[in-house]
**Q** 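Pasting a structure here, questions to come.
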Amino acid sequence: MTAAVPAVTLNNGVTMPQLGFGAFQVGEKEIATALENGYRSIDTASAYGNESDVGRALRSSGIARDEVFVTTKVWNTDQGYGSTLAAFDASLARLRLDYVDLYLVHWPAPARNTYLDTWRALEKIHADGRARAIGVSNFRPADLLHLLDAGGTVPAVNQIELHPHLQQAELRAFHARHGIVTEAWGPLARGGLLRHPAIVPLAGRLGRTPAQVVLRWHLQLGNVAIPKSATPERIRQNLDVFDFELTDADMAAIAALDNGTRTGPDPDFFN
Ligand SMILES: NC(=O)C1=CN([C@@H]2O[C@H](COP(=O)(O)OP(=O)(O)OC[C@H]3O[C@@H](n4cnc5c(N)ncnc54)[C@H](OP(=O)(O)O)[C@@H]3O)[C@@H](O)[C@H]2O)C=CC1
Ligand SMILES: O=C(O)C(=O)[C@@H](O)[C@H](O)C(=O)CO
């Protein structure tokens, strides 16, 4: 039996489950499996091409709308004030929802130089009650400073690549200073960490899997994490992480694995 998922409170008082289902490269079946097994937060994006699958899985689950936290994101080519408003309408239509819980700017896309205008559109969407919270993704400290200096709404969340090989100390400290929740994408380093000689024995000692140990590390750091799996047993296993704890020594052993390795694009260059 999986214990209840704790909630984190965002800077506007909205609460969000600390562990959710990452829906990149999955379809309705996997999203339905996640919901059946107790996930109550789904992370999608217009770029994933599966917002309709998320909507269908939600409707057929029979779970009340207000019990599931739905995140989606505006893609780089839709950045800009008017185009973001139009992209949001299209996302809601595909999801067949009246609102999302969290709407994110997917990448800063620095060469476009449009994220401030995009952010104004997210503020309008939030003011209109169509996103309960708004945030960003893959923003670097300089992007966040730029946004904060422009005034307006402080992002509720920055969703960034974060795992033991890329611990993002500078961004996490920035977020803590400004009340921004850190959400980890690729929390399992896309599977690349799970045979690591520092993780495997830890998992053996605790009677857990390597993925569960890594997810527990995220939770104890205070991150929101959104692991993806297309495998039912792993989908279940990844949510079953609320009844054990890593010691300070375990946390320190994992902290030592930081080597700055990315599994995905670098926000400096991804446009
Ligand atoms: N904002 C952004 O720019 C980005 C956001 N994301 C979001 O983050 C989510 C998660 O990131 P993602 O890149 O998918 O990577 P993850 O770190 O979640 O890793 C997913 C990989 O790990 C494997 N895996 C999952 N659970 C286990 C387990 N218990 N044991 C062994 N292997 C496991 C999966 O295999 P299998 O599926 O075969 O079970 C898959 O290959 C995405 O789905 C998306 O929602 C991701 C990338 C960028
Ligand atoms: O999954 C996402 O949210 C992403 O933005 C990335 O997958 C990104 O699109 C990518 O990896 C492109 O190669």
Side-chain angles (χ1 to χ4, degrees), residues 2 16-17 19-27 29-31 33-34 37 39 41-51 53-54 57 69-79 91 100-109 115 135-140 143 155 157-168 171 181-196 199-200 203 206 208-219 223-241 257 261-271:
T2 300
M16 171 179 192
L19 199 124
F21 185 65
F24 184 45
Q25 295 176 324
V26 296
K29 186 165 134 238
E30 292 80 14
I31 298 159
T33 301
N37 282 283
Y39 288 79
S41 168
I42 307 290
D43 180 80
T44 184
S46 61
Y48 301 170
N50 64 3
E51 289 171 313
D53 293 271
V54 172
F69 191 97
V70 177
T71 301
T72 194
K73 316 183 188 89
V74 57
W75 189 241
N76 305 353
T77 49
D78 289 320
Q79 281 209 26
S91 283
V100 296
D101 296 280
L102 180 62
Y103 195 44
L104 302 179
V105 182
H106 204 141
W107 289 87
Y115 66 68
V136 294
S137 177
N138 299 300
F139 272 43
R140 305 157 299 173
D143 303 317
V157 167
N158 188 14
Q159 183 186 110
I160 54 173
E161 182 177 350
L162 202 177
H163 44 73
H165 284 329
L166 185 72
Q167 297 186 18
Q168 303 270 25
L171 267 171
V181 164
T182 301
E183 183 173 20
W185 71 252
L188 304 172
R190 297 186 160 170
L193 259 171
L194 305 179
R195 291 185 186 178
H196 195 285
I199 303 282
V200 172
L206 290 161
R208 295 291 172 151
T209 68
Q212 288 176 319
V213 166
V214 173
L215 291 171
R216 190 67 220 172
W217 171 83
H218 281 285
L219 298 172
N223 302 335
V224 170
I226 45 170
K228 169 263 175 184
S229 176
T231 314
E233 174 45 35
R234 292 174 176 175
I235 292 174
R236 281 189 281 280
Q237 171 193 131
N238 291 347
L239 196 67
D240 188 13
V241 290
L257 303 183
T261 306
R262 289 185 185 277
T263 65
D266 184 331
D268 286 350
F269 306 109
F270 195 66
N271 292 291

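Both ligands and their constituent atoms are indexed starting at 1 by order of listing.
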**Q** I want to check something: taking the side chain as every heavy atom from C-beta on, are Leu171 and Asn158 in contact at a cut-off of under 4.5 Å?
**A**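 A side-chain contact exists here, since the closest heavy-atom pair is under 4.5 Å.
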**Q** Mind checking whether Phe270 and Trp75 have parallel, tilted or perpendicular rings, split at 30° and 60°?
**A**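 Correct class here is perpendicular.
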**Q** Is there a donor-acceptor contact under 3.5 Å from the side chain of Asn223 to the main chain of Leu219?
**A**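 Not a single qualifying donor-acceptor pair exists.
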**Q** At less than 4.0 angstrom from any atom of ligand 2, which residues have a non-hydrogen atom? List them by chain and residue number.
**A**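 Under the 4.0 Å cut-off, ligand 2 touches Phe24, Tyr48, Trp75, His106, Trp107, Arg190, Pro265, Phe270.
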**Q** How would you list, by chain and number, every residue that makes a ring pair (Phe, Tyr, Trp, His ring centres under 6.0 Å) with His196, sequence neighbours excluded?
**A**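 For His196, the residues satisfying ring pair (Phe, Tyr, Trp, His ring centres under 6.0 Å) (neighbours in sequence not counted) are His165.
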**Q** If you apply the rule salt bridge (charged side-chain N to carboxylate O under 4.0 Å, His left out), what do you find for Asp53 with Lys29, and how did you get there?
**A** CA-CA 8 Å; Asp53 293 271; Lys29 186 165 134 238; over 6 Å; no
**Q** Is a donor from one side chain sitting under 3.5 angstrom from an acceptor on the other, for Asn271 and Trp107?
**A**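 Asn271 vs Trp107: no donor-acceptor pair found between side chains.
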**Q** So, Glu51 versus Ser91: side-chain donor-acceptor pair below 3.5 Å or not?
**A**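 Per modelled atom types, Glu51 and Ser91 side chains form a pair under 3.5 Å.
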**Q** List the protein residues in contact with ligand 1, where contact means a heavy-atom separation under 4.0 angstrom.
**A**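 Residue list for ligand 1: Gly22, Ala23, Phe24, Asp43, Tyr48, Lys73, His106, Trp107, Ser137, Asn138, Gln159, Trp185, Gly186, Pro187, Leu188, Ala189, Arg190, Gly191, Leu194, Ala211, Ile226, Pro227, Lys228, Ser229, Ala230, Thr231, Arg234, Gln237, Asn238.
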**Q** For Tyr39, which residues count as a ring pair (Phe, Tyr, Trp, His ring centres under 6.0 Å) partner, sequence neighbours excluded?
**A**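 Tyr39 satisfies ring pair (Phe, Tyr, Trp, His ring centres under 6.0 Å) with Phe21 once adjacent residues are dropped.
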**Q** So does Asp43 pair up with Lys73, basic N to acidic O under 4.0 Å?
**A**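 The answer is yes: the pair qualifies as a salt bridge.
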